[in-house]
Protein chains: 2
Amino acid sequence: MKLTDYKQPSVTVDIVIFSVIDNDLKVLLIERGVEPFKDKWAIPGGFVQMNESLDEAAQRELIEETGVKDVYLEQLYSFGEINRDPRGRVITISYFALVNADRVKLRASTDVKDVKWFSIKKLPILAFDHKKILDYALKRMKWKFEYTCVGFSLLPKKFKLSELQRLYETVFDKQFDKRNFIKKIHALDILKEEGIDESVPYRPPTLYSLKNNIKDIVEII
Amino acid sequence: MKLTDYKQPSVTVDIVIFSVIDNDLKVLLIERGVEPFKDKWAIPGGFVQMNESLDEAAQRELIEETGVKDVYLEQLYSFGEINRDPRGRVITISYFALVNADRVKLRASTDVKDVKWFSIKKLPILAFDHKKILDYALKRMKWKFEYTCVGFSLLPKKFKLSELQRLYETVFDKQFDKRNFIKKIHALDILKEEGIDESVPYRPPTLYSLKNNIKDIVEII
DNA sequence: CCAAAAGTGTTAGTGATACACCCATGT
DNA sequence: ACATGGGTGTATCACTAACACTTTTGG
């Protein structure tokens, strides 16, 4: 039995790209320029080429869309309902990424009318089954945020504790008690001091950085 | 741009099927009857057909291999390294299943020399990248076992607490304190009493069953 | 009365939560 | 002096972990 004895589905990767901009959790969407779902918003993605692994395909799509690499990128789930794409049988392997929006240069590519960051609170109607994918991504992203150190990839190398707390408050859309938050972070013993930021017009805050490469290793309970 | 403009990879599903037999955690493997990896042991799986979703394909493979359905089945992860299959580009969507071995009738199918339960502690060398898939499945299965109620699908409808504890001790390969274990289970408030088993030659134990349909909803801890 | 498994409480330690004020700086 | 954000401690509660003996039944 040879591989070619089977009719084969197409395989795509779709990337849910998150960022935090102006204390608001955002997701990157593209406006489709072609059918199906022309003029509708969708999660960026594309076909997996024969000479690249799934992770490489996701990485490539991410770079095409945002110009950034070396960001947090994680496979989510594969969606393969028979009729999820009106063009035919398409299986998609979804990913999510966390990017620091400062580094991103949005570029509309072929077949794309527009590219925009959308607040997670004001999403348009999405093409295909992309709402389902986005919901799933959001759930998993929050989980990862809560239980690992992935969130630090959205901060500059050196940051103050209040920035870290604001980031978490944005993602979870709720307030935390300052003392308890700091206590918890310190208890994890994952930060090292990096001096003091003297450039502010108020009491200078201590800067911190993550201890070497524990980004997604240490579980934050 | 049409779907057929792309050369397409093949897509398979592979199912890591777990069971607990004689207080030992087992996984179901098949001995391949054809190249590649002829005579090597592998995780059961097969090509996704054009008229079935991924979940349906996994379900079908599971039934073909074991004859059981209505068991716990969950998608794990998709593996798509370029050279993971010597026949060509094959992407596999892996699943894991928990089956009660009492209900299973093993059936060698075409291209399969043998089918056997292997103790997780004495695994043979596996074909393809199946070792990686199995390791991943094991990790996820244990996680699910610890934090949800999936484990109950390996027990009969009515069971005694000592059976439940023995199951957990088998899966995690360590002993738990009886009083603390029971206390924890009771605190979850997921069991209802189902009378007493009078048929034993020692003090008759209370039987319990899971409250309706909370199998994988309630998080344990 | 013996074997086998069922059943049952208390204590100490650890982590989570709730809560309010003073400090250092620039203007 | 004031505005801005930085920094700090304590008390209570809930959960976890460690630990051993008595009970019920059949043979």
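Sequence lines set the chain letters: A, B, ... in the order given, protein chains first and strands last, and positions in each chain run from 1.
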Next item on the list: Kindly say if Thr206(A) contacts the phosphate of dG7(D), meaning a side-chain N or O under 4.0 Å from OP1 or OP2.
Entry: yes
Note to self: Output the rounded distance in Å from OH (Tyr208(B)) to P (dA6(C)).
What the structure shows: 11 Å
Checklist line | Reading 5' to 3' through nucleotides 17-27 of chain D, protein heavy-atom contacts under 4.0 Å coded B for base, S for sugar-phosphate only, - for none | finding: BBBB--BBBS-
Check: With no hydrogens and no angle check, do the side chains of Ser199(B) and Asp197(B) hold a donor and an acceptor under 3.5 Å apart?
Finding: yes
Checklist line | Between dG9(D) (P) and Ile182(A) (CD1): distance, integer Å | finding: 12 Å
Note to self: Using whole Å, what does the distance between atom P of nucleotide dG7(D) and atom CG of Asp197(A) come to?
What the structure shows: 10 Å
Margin query: From NZ of Lys160(A) over to P of dG5(D), roughly how many Å is that when rounded to an integer?
Written below: 8 Å
Notebook entry, point to check: Could you state the CZ-C1' distance from Phe181(A) to dG6(D), rounded to the nearest angstrom?
Noted result: 15 Å
Notebook entry, point to check: For His186(A) and dG9(D), what is the distance between atoms NE2 and C1' respectively, to the nearest whole Å?
Noted result: 15 Å
Notebook entry, point to check: Please give, in whole Å, the distance from dG7(D) P to Leu164(A) CG?
Noted result: 13 Å
Notebook entry, point to check: More than 12 heavy atoms of other residues, nucleotides or ligands under 6.0 Å from CG of Asn23(B): is that the case?
Noted result: yes
Checklist line | Between C1' of dG7(D) and CG of Leu207(A), the distance in whole Å | finding: 14 Å
Note to self: Atom NZ of residue position Lys192(A) - does it have more than 12 heavy atoms of other residues, nucleotides or ligands inside 6.0 Å?
What the structure shows: yes
Item checked: Counterpart residues, ring-ring contact (aromatic ring centres under 6.0 Å, His included), relative to Phe128(B) (two or more places apart) -> Phe37(B), His130(B)
Next item on the list: Please find out if less than 6.0 Å separates the ring center of Phe152(B) from that of Phe159(B).
Entry: yes
Next item on the list: Look at the side-chain N and O atoms of Ser162(B) and state whether any lies under 4.0 Å from the OP1 or OP2 oxygen of dA6(C).
Entry: yes
Item checked: Qualifying residues under side-chain hydrogen bond (donor to acceptor under 3.5 Å, both in side chains), relative to Arg84(A), sequence neighbours excluded -> Asp129(A)
